[in-house]
Amino acid sequence: MDSQTSQSSQASEAPSAPHTFQVDLRGLVDLLSHHLYSSPKVYLRELLQNAVDAITARRAGQPDAPARVRLYAEDGALRVEDSGIGLTESDVHTLLATIGRSSKRTDGLREARSDFLGQFGIGLLACFLVAERIRVVSRSARTPDARPVEWTASDDGSYTVRTLPAEARPEPGTTVHLVARPGAAEWLSEERVLALARDFGSLLPYDVRVGEEEVTDLPAPWDRPYPSPAARRVALARHCHEQFGFTPLDSIDLDVPLAGIRGVAYVLPAAVSPAQRARHRVHLKGMLLTERAEQLLPDWAFFVRCVLDTDSLRPTASREALYEDETLAAVREALGERIRSWLTGLAAGDPQRLTAFLAVHHLGVKSLARHDREMLRTMLPWLPFETTDGQLSLEEFARRHPVVHFTRTVEEFRQVAPIASAQGVGVVNGGYTYDSELVEALPSVCPGASVAELDADTVTAHLDAVDPGEELALADFLAAARAALDPLGCDVVLRSFHPLSVPALHLDDRAARHEQARAEAEEQADELWAGILGSLRGGAPRARLVLNHLNPLIRRIGSLPDRELIGTATESLYGQALLMAQRPLRPADSALLNRAFLGLLEWATHREDEH
């Protein structure tokens, strides 16, 4: 390799000079507006946050320093004054003009950082969501002879800094001036500023006012003294209505000292779907962090809405949600335990309130009891279940029946409930959410209880057999009936049972339904898949139509001489039994019903013609 080539190679491998990122401030503001913050209203929270943090920092070294924040709004402009620690000219260049740098990270403020609301150093940029210009005038409390400094920035990314005469800001602290951008003046109106300030800052520990209107309202409603428990309930109900728009069924104190949490959970007055995401209001050191916290409580506690203040949970970068970490998981468990203790307390000392609660929210308690055997044991006397004996608790039902039979679907229960009840067989409807799991868990908390899933064989075994001679006399009728339903995968059985008004009962179980689904898929599949599905055919039980020999209609059909008419009548009975059980109809079932109806019409009109 010649020297020229060597020099060229070395030059290409030499590191290039470092460059500095260029920030398009307008693009960054757009990013914040559309992707980080949910609404322009957060600008006021950021202003309050910066003011409160500045006061906290000053009081770390001067405990007697004034603690006040004042907001003045007029003519599309806003002025925010605080008595905080203030900034020097060096701080202004280092902190305000450097995106991502937080005053909480400077050496002078580091010792108080755990008391700060803000953590990310981008809050002031949120003001550009509503303002086209920001002017900051600040005087440092750390340097007594420091002169005030002014920092003025525009949303095009330019800014100026200048030192002002001492009289421009006689006392330490900071004043922020905003001028509304076109179309955003409403965000800076006095009415809107007051509403936002009260929403975000009602629990802040310092004196915050908009003009002369107080913003802070301490102590928090759940910490205030009241003349009586009844007065407290009324006050909390009023607070719930203000925050969530409903009057609660009850309220639960949330006090977790180790996590620095104080607050209250309000019980919804009406049932809600477990799939509906619960949204809670969370304050961080007094500042409203979010009104849409979804991961604060266990999933089973969907029947409450919470308001609380914390100093331990971490916010996300937008400070509008909670960061999912071990601390939040521990808090979630602790709050869940508090709600669980409330339920246990009601069961032990206030059954009337518990009954009223369960009448609305039994689903949430059942969800909890699935995984908490102690809660299931506590709630057994209270949780309602649909049974053949009416609405009962599992505990009461198990005392009445040596074997607790249950169905896994509502349709199965509707099929057998009237018949099982008449035969003295106790059945629980396990088709509702969580119910079958709880019935199966019954022996684990109630020793000696026997639980069994109800199937077609069990029901049939409890029905009275027909005299062999009578059944033999009806052999031709049964053969014609079985031939009519065989293509549908259904057998025909003759039994005697009550009530007499039920002519026929359709029985199947999961295995029978699986076999029906497999057979239907086999019919519609190509040759390859049909062969595969055919190989899966097993000895699964088939559905059965149980004809009631005690019913007069069945006796008349059994005496018909016309085999074709017997088939049509049997198809009609099959369809009617499906409809009575409220089972979904397959295409084949619908076609059968239509064919049977027309066949009976034709037979009836033919007889009229003969007469």
Side-chain angles (χ1 to χ4, degrees), residues 24-53 68-82 96 117-118 120 122-137 151-159 174-204 206-217 241-245 279 281-284 286-292 315 317-321:
D24 178 357
L25 189 58
R26 283 181 174 163
L28 184 57
V29 169
D30 181 71
L31 179 66
L32 293 176
S33 174
H34 292 94
H35 300 285
L36 185 62
Y37 296 122
S38 63
S39 165
K41 71 180 182 180
V42 298
Y43 88 92
L44 193 70
R45 184 195 63 197
E46 300 297 341
L47 288 174
L48 286 176
Q49 182 172 282
N50 287 341
V52 170
D53 285 345
R68 61 179 181 269
V69 181
R70 298 290 183 266
L71 298 90
Y72 304 96
E74 57 181 339
D75 298 330
L78 177 66
R79 184 172 85 255
V80 182
E81 299 179 354
D82 69 64
L96 299 186
L117 301 172
F120 296 93
I122 56 177
L124 197 60
L125 286 179
C127 293
F128 282 122
L129 299 177
V130 298
E132 60 183 2
R133 184 163 58 89
I134 303 173
R135 177 170 168 257
V136 177
V137 177
W151 177 80
T152 304
S154 299
D155 61 2
D156 62 1
S158 64
Y159 73 92
T174 300
T175 301
V176 179
H177 301 262
L178 301 184
V179 177
R181 63 171 59 253
E186 192 270 337
W187 288 103
L188 272 60
S189 67
E190 184 175 17
E191 182 180 2
R192 175 60 71 91
V193 168
L194 179 60
L196 292 178
R198 283 177 171 166
D199 195 37
F200 285 122
S202 62
L203 300 184
L204 289 174
Y206 304 134
D207 179 17
V208 182
R209 297 172 186 262
V210 176
E212 297 302 319
E213 296 286 340
E214 291 186 2
V215 168
T216 51
D217 187 20
H241 197 275
E242 291 170 354
Q243 301 296 316
F244 297 111
R279 295 186 171 186
R281 291 176 64 90
V282 178
H283 296 255
L284 179 61
M287 181 74 75
L288 179 65
L289 176 72
T290 178
E291 53 191 357
R292 300 188 304 274
S318 67
R319 289 188 288 280
E320 294 188 276

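Quick note: numbers below take in every heavy atom, side chains included, and nothing from hydrogens, waters or symmetry partners. Index from 1, following the sequence. All figures in this text were calculated on a predicted structure; none of them were measured in a lab.
- Distance alone, capped at 3.5 Å, places no donor-acceptor pair between the Tyr72 side chain and the Ala77 backbone.
- Side-chain contact check for His177 versus Ile134: every heavy-atom pair is 4.5 Å or farther apart.
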| message | With side chain to side chain contact (heavy atoms under 4.5 Å, CB included) as the criterion, how do Arg70 and Val80 come out once you've worked through the C-alpha distance, each side chain's angles and the decisive distance to 0.1 Å? | response | CA-CA 6 Å; Arg70 298 290 183 266; Val80 182; over 6 Å; no

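- Atom CG of Leu71 sits about 10.0 Å away from atom CG of Asp82, to the nearest 0.5 Å.
- Going from atom CZ of Arg181 over to atom CG of Leu129 covers 8.0 Å, rounded to the nearest 0.5 Å.
- Taking 4.5 Å as the limit, every side-chain heavy atom of Leu78 sits out of range of all side-chain heavy atoms of Val130.
- More than 12 heavy atoms of other shown residues, nucleotides or ligands fall within 6.0 angstrom of atom CD in Glu186.
- Atom CZ of Arg209 has more than 12 heavy atoms from other residues, nucleotides or ligands within 6.0 Å.
- Tyr206 places none of its side-chain heavy atoms less than 4.5 Å from the side chain of Thr216.
- Residues Val215 and Val210 have side chains in contact (heavy-atom distance under 4.5 Å, counting atoms from C-beta outward).
- Within 6.0 Å of the CD atom in Glu191, the count of heavy atoms belonging to other residues, nucleotides or ligands does not exceed 12.
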Exercise for the section: Applying side chain to side chain contact (heavy atoms under 4.5 Å, CB included), run through Leu288 and Arg281 and close with a yes or a no. Expected result: CA-CA 7 Å; Leu288 179 65; Arg281 291 176 64 90; 3.5 Å; yes

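- Looking only at distances, no side-chain donor or acceptor of Arg279 sits under 3.5 Å from a matching main-chain atom of Thr290.
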query: Is there a side chain to side chain contact (heavy atoms under 4.5 Å, CB included) between Leu48 and Val208 once you walk through the steps?
result: CA-CA 9 Å; Leu48 286 176; Val208 182; 3.9 Å; yes

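- The nearest pair of heavy atoms linking Gly76 to Ala185 is CA-CB, 4.4 Å.
- Between the side chain of Arg133 and the backbone N or O of Ala180 there is no donor-acceptor pair closer than 3.5 Å.
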Note to self: Glu213 vs Arg198, test: side chain to side chain contact (heavy atoms under 4.5 Å, CB included). Steps then yes/no.
What the structure shows: CA-CA 10 Å; Glu213 296 286 340; Arg198 283 177 171 166; 3.3 Å; yes

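- Ser202 places a side-chain heavy atom less than 4.5 Å from the side chain of His283.
- Ionic pairing of Asp199 and Arg192 is not present here: no N-O contact between side-chain nitrogen and carboxylate oxygen is shorter than 4.0 angstrom.
- Residues Cys127 and Tyr43 come closest through the heavy atom pair CA-CB, 4.0 Å.
- One finds the CG atom of Leu47 at 11.0 Å from the CZ atom of Arg45 (value rounded to the nearest 0.5 Å).
- The neighbour count for Gln243 CD, taken as heavy atoms of other residues, nucleotides or ligands under 6.0 Å away, is above 12.
- Using a cutoff of 4.0 Å between basic side-chain nitrogens and carboxylate oxygens, Lys41 and Glu291 are scored as salt-bridged.
- Using a 4.5 Å cut-off on side-chain heavy atoms (C-beta onward), Leu44 and Trp187 make no contact.
- Here CG of Leu178 is found 11.0 Å from CD of Glu132. Values are rounded to the nearest 0.5 Å.
- When side chains are defined from C-beta on, Met287 counts as touching Phe200, because their heavy atoms get closer than 4.5 Å.
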